Amino acid sequence: MRKNLSQQKLLEILVAEIEMLQQTTKNIKEVAPEIARQLHELRTAKMKVDLNTDKLEELLENHKQELKKSVAIPRWFLIIIATVIFWLIIENIFKL
């Protein structure tokens, strides 16, 4: 008799769980189209992003100016190099 009661109780629990699963499945099926619609909206929505890059551009400009100052070849050096090259060319011409 006890065995039958245990089996009966187990059967009742299983039936209750199956009914809950059926209800959950029904609820999911009802909500699924709305979730799909919202996902589609999210995927197709165009996002407008407005970034303020003023500070970044200012920083970039400052770095450019610093580079120009540190890498610039002095004018006097260029004049000396040009004079030496010109002098070597003239010297080569007169040796021929």
Side-chain angles (χ1 to χ4, degrees):
M1 183 108 182
R2 185 170 175 85
K3 189 174 183 184
N4 287 340
L5 286 176
S6 296
Q7 288 177 347
Q8 187 177 356
K9 187 65 176 167
L10 181 60
L11 186 61
E12 289 174 7
I13 293 171
L14 286 173
V15 169
E17 289 294 323
I18 290 172
E19 288 174 353
M20 255 193 332
L21 282 172
Q22 287 175 339
Q23 184 61 39
T24 304
T25 304
K26 181 182 171 190
N27 292 342
I28 289 172
K29 286 181 179 178
E30 288 176 0
V31 178
E34 179 63 21
I35 292 173
R37 185 190 64 77
Q38 289 180 5
L39 280 173
H40 180 70
E41 279 183 26
L42 283 173
R43 287 184 187 133
T44 58
K46 295 189 182 203
M47 298 177 78
K48 182 179 179 183
V49 178
D50 186 23
L51 297 175
N52 186 0
T53 58
D54 293 341
K55 198 72 171 169
L56 184 61
E57 289 172 2
E58 180 182 330
L59 185 64
L60 182 62
E61 190 61 36
N62 289 342
H63 282 300
K64 283 182 182 178
Q65 290 174 1
E66 288 295 321
L67 279 175
K68 283 182 182 179
K69 288 179 186 176
S70 64
V71 178
I73 300 173
R75 186 172 287 175
W76 59 266
F77 182 74
L78 292 175
I79 292 173
I80 290 174
I81 294 295
T83 306
V84 169
I85 290 173
F86 181 72
W87 183 66
L88 288 172
I89 291 172
I90 296 296
E91 194 174 271
N92 259 348
I93 290 175
F94 285 118
K95 282 187 180 180
L96 292 176

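Just so we're clear, the structure is a prediction, and the values are computed from it rather than from any experiment.
In the hydrophobic clustering of ILVMFWY residues, with side-chain heavy atoms under 4.5 Å counting as a link, L56 and V49 come out apart. One hydrophobic cluster holds both L78 and I85 under the rule that ILVMFWY side chains link at heavy-atom gaps under 4.5 Å. Note on I93 and V84: same hydrophobic cluster, where clusters join Ile, Leu, Val, Met, Phe, Trp and Tyr whose side-chain heavy atoms are under 4.5 Å apart, directly or indirectly.
In this structure, K55 NZ and E58 CD are separated by 5.0 Å, a value rounded to the nearest 0.5 Å. Rounding to the nearest 0.5 Å places CG of L11 at 9.0 Å from CD of Q7. Atom OG1 of residue T44 and atom CG of residue L39 lie 10.5 Å apart, to the nearest 0.5 angstrom.
Not counting sequence neighbours, E30 has no partner by the salt bridge (charged side-chain N to carboxylate O under 4.0 Å, His left out) test.
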Apply side-chain contact (heavy atoms from CB on, under 4.5 Å) to the pair L59 and H63, showing each step before the final yes or no. CA-CA 6 Å; L59 185 64; H63 282 300; 3.8 Å; yes
Carefully, step by step, assess E61 and K64 under the rule side-chain contact (heavy atoms from CB on, under 4.5 Å). CA-CA 5 Å; E61 190 61 36; K64 283 182 182 178; 4.2 Å; yes
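Within the structure, the side-chain hydrogen bond (donor to acceptor under 3.5 Å, both in side chains) test picks out the following pairs touching residues 14-25 (sequence neighbours left out): Q23-N27.
For the pair Q38/E34, a side-chain contact is recorded, criterion being any heavy-atom separation below 4.5 Å from C-beta on.
The one candidate from I81, I80, I79 that meets the side-chain contact (heavy atoms from CB on, under 4.5 Å) condition with T83 is I79.
Within a 6.0 Å sphere centred on CZ of R75, other residues, nucleotides and ligands contribute 12 heavy atoms or fewer.
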